[in-house]
A.B. asks: 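Below: one structure in structure tokens.
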Amino acid sequence: TATNYKLLFIGIGAIILGYLLMAGGGTDNPNEFNPEIFSARRITIAPMVCLAGYIFVIYAIMKKTGE
């Protein structure tokens with residue numbers, strides 16, 4: 001139903017947001033080390049957002065609709 005699709009798209013949006021939070025932190029020069037790659041946003045917050053999005057998608061798929 002429409003409610004399940006809305007929940008599904010919210011979950012997919014959370015997953016995309018998590019991957020966008022993980023992006024970046026690299027360097028153009030392979031001889032330089034950029035410690036920004038180990039920021040709390042990339043190694044803690046972003047994986048939790050992705051995991052929450054995946055759980056939300058599973059919930060949206062499994063949710064029974066009113067009959």
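Heads up: numbering here begins at 1 and tracks the sequence.
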A.B. asks: Which residues satisfy the side-chain contact (heavy atoms from CB on, under 4.5 Å) test with Ile58, sequence neighbours excluded?
C.D. replies: Met62
A.B. asks: Please find the pair of heavy atoms, one from Gly18 and one from Ala46, that lie closest to each other, and give the distance.
C.D. replies: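 Reported closest heavy-atom pair: O-CB, 3.4 Å.
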A.B. asks: Is Ile10 reachable from Tyr5 through a run of I, L, V, M, F, W or Y residues, each pair having side-chain heavy atoms under 4.5 Å apart?
C.D. replies: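 No; Ile10 is not reachable from Tyr5 via cluster members.
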A.B. asks: Hey, any chance Ile15 and Leu20 share a hydrophobic cluster, counting ILVMFWY side chains that come within less than 4.5 Å of each other, even indirectly?
C.D. replies: yes
A.B. asks: Testing the basics here: between Gly53 and Ala14, what is the closest heavy-atom pair and its distance to 0.1 Å?
C.D. replies: CA-CB, 3.8 Å
A.B. asks: To the nearest 0.5 Å, how far apart are CG in Leu8 and OG1 in Thr3?
C.D. replies: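 Leu8 CG to Thr3 OG1: 12.5 Å, rounded to 0.5 Å.
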A.B. asks: Test of understanding: clusters of I, L, V, M, F, W, Y form through side-chain heavy atoms closer than 4.5 Å, transitively. Do Ile16 and Ile61 belong to the same one?
C.D. replies: yes
A.B. asks: Check the angle between the aromatic planes of Phe33 and Phe38 and answer parallel, tilted or perpendicular using the 30° and 60° thresholds.
C.D. replies: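 Tilted, since the angle between the ring planes falls between 30° and 60°.
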A.B. asks: With rounding to the nearest 0.5 angstrom, report the NZ to OG1 distance, Lys64 to Thr1.
C.D. replies: 13.5 Å
A.B. asks: Restricting to side chain to side chain donor-acceptor pair (under 3.5 Å), what partner residues turn up for Tyr59, sequence neighbours left out?
C.D. replies: none
A.B. asks: With a cutoff of under 4.5 Å between side-chain heavy atoms, which Ile, Leu, Val, Met, Phe, Trp and Tyr residues group with Val49?
C.D. replies: Leu17, Leu21, Ile45
A.B. asks: Can you hop from Met48 to Ile43 via hydrophobic side chains spaced under 4.5 Å?
C.D. replies: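 In one cluster: no.
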A.B. asks: Answer with yes or no whether the hydrophobic clustering places Tyr19 together with Val57; edges join I, L, V, M, F, W, Y residues whose side-chain heavy atoms lie under 4.5 Å apart.
C.D. replies: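 Linked within one cluster.
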A.B. asks: Within the side chain of Arg42, is there an N or O that forms a donor-acceptor pair under 3.5 Å with the backbone of Ala23?
C.D. replies: yes
